Trainee: 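My questions all concern the structure below.
We use all heavy atoms of the structure for the numbers below, so side chains are in, but hydrogens, waters and symmetry mates are not. Small disclaimer: the values here were computed from a predicted structure and weren't measured.
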Amino acid sequence: MAQSASNAVGKKLIKIDVSSDSVCPWCFVGKKNLDKAVALSRDQYDFEIKWHPFLLNPSAPKEGINKKDYYRSKFGSRADQMHARMTEVFKGHGLEYDLSGLTGSSMDSHRLILFAGKQGSDKQHSLVEELFNGYFTQGKFIGDRDFLLECANKVGLEGAAEFLEDPNNGLQEVNEELGKHSANISGVPHYVINGKHQLSGGQPAEVFLRAFQVVAN
């Protein structure tokens with residue numbers, strides 16, 4: 001009903017496909033900026049946002065490894081500098097960047113995100129927020145079943161426990177999505193707006209606002 005009413009006053013629908021990894025800090029930053037741009041534009045446009053998987057480290061261990069050790073082994077002397085930079089960026093969004101806890105395979109989170117999408121794009125979007133917030137500001141492990149279910153419960157996702165019980169549930173769908181949306185990109189976050197306009201990286205809200213104007217004209 002709200003949709004038809006908004007269309008009656010001439011709002012254009014803007015569809016945004018986001019390729020992202022749950023363990024990518026710039027993806028969280030990009031989401032915060034996108035959310036800001038959407039909030040500033042709701043009187044002009046309707047939005048449909050869909051999240052798609054990307055694996056920064058496809059061979060990340062399922063059992064998890066210490067975040068700090070992992071970043072030091074991957075980035076060497078640059079790790080501390082990168083941590084300081086992300087701490088500063090997160091602070092700008094009123095968030096505390098927390099590098100405690102474990103990191104590892106984000107596959108289960110992607111399975112859950114796609115599962116959430118079947119119950120509505122708003123529910124999926126809210127789940128992504130909870131996953132990012134827990135992993136980056138509370139030291140939660142992205143592969144922890146209890147954490148995933150906690151996020152699912154917060155957004156009212158139904159059937160999450162049964163879905164995650166079988167590690168094969170949603171696996172084919174994730175792999176299909178990876179092939180469809182991640183095959184031609186080298187990094188995340190990556191945004192495709194109305195199927196044509198593309199943006200990459202943790203862009204500021206102003207960049208999204210300009211992109212909305214371009215695709216709406």
Trainee: Within the 3.5 Å criterion, strictly below it, is a donor on Ser106 or Ser22 matched to an acceptor on the partner's side chain?
Mentor: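 Their side chains do not contain a donor-acceptor pair, so the 3.5 Å distance test is not met.
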Trainee: So, is the end of the Lys67 side chain (NZ or CZ) under 6.0 Å from the ring centre of Tyr135 and within 45° of the ring's axis?
Mentor: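 Yes, Lys67 sits over the ring of Tyr135.
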Trainee: Any carboxylate oxygen within less than 4.0 angstrom of a Lys/Arg side-chain nitrogen, looking at Lys154 and Glu150?
Mentor: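 Result for this pair is yes, salt bridge flagged.
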Trainee: Salt bridge or not between Glu96 and Lys91? Use side-chain N to carboxylate O under 4.0 Å.
Mentor: no
Trainee: Report the relative orientation of the aromatic rings in His181 and His52; use parallel for angles under 30°, tilted for 30 to 60°, perpendicular for over 60°.
Mentor: parallel
Trainee: With no hydrogens and no angle check, is any side-chain donor or acceptor of Glu48 less than 3.5 Å from a backbone partner on Lys15?
Mentor: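 Side chain of Glu48 to backbone of Lys15, a donor-acceptor pair under 3.5 Å: no, none is there.
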Trainee: Is it true that Lys118 and Glu173 make a salt bridge, defined as a side-chain N closer than 4.0 Å to a carboxylate O?
Mentor: yes
Trainee: Do Tyr70 and Asn57 have side-chain atoms, one donor and one acceptor, less than 3.5 Å apart?
Mentor: yes
Trainee: Ring centroid separation for His83 and Tyr97, is it under 6.0 angstrom?
Mentor: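 Yes, the ring of His83 comes within the 6.0 Å limit of the ring of Tyr97, centre to centre.
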Trainee: Do the side-chain N and O atoms of Asp17 and His190 include a donor-acceptor pair separated by under 3.5 angstrom?
Mentor: no
Trainee: So, is the end of the Arg111 side chain (NZ or CZ) under 6.0 Å from the ring centre of Phe163 and within 45° of the ring's axis?
Mentor: yes
Trainee: I'd like to know if Asp108 and Lys62 make a salt bridge, using a cut-off of under 4.0 Å between side-chain N and carboxylate O.
Mentor: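 Salt bridge between Asp108 and Lys62, a charged N being under 4.0 Å from a carboxylate O: yes.
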Trainee: Please determine if Lys32 and Glu129 form a salt bridge, counting it only when a charged side-chain N lies under 4.0 Å from a carboxylate O.
Mentor: yes
Trainee: Could you tell me whether Asp35 and Lys31 have a side-chain N and a carboxylate O separated by less than 4.0 Å?
Mentor: yes
Trainee: Can you name the nearest heavy-atom pair linking Cys27 to Phe132, along with the distance?
Mentor: CB-CZ, 3.6 Å
Trainee: Donor-acceptor check, side chain of Asn33 to backbone of Gln203, threshold 3.5 angstrom: yes or no?
Mentor: yes
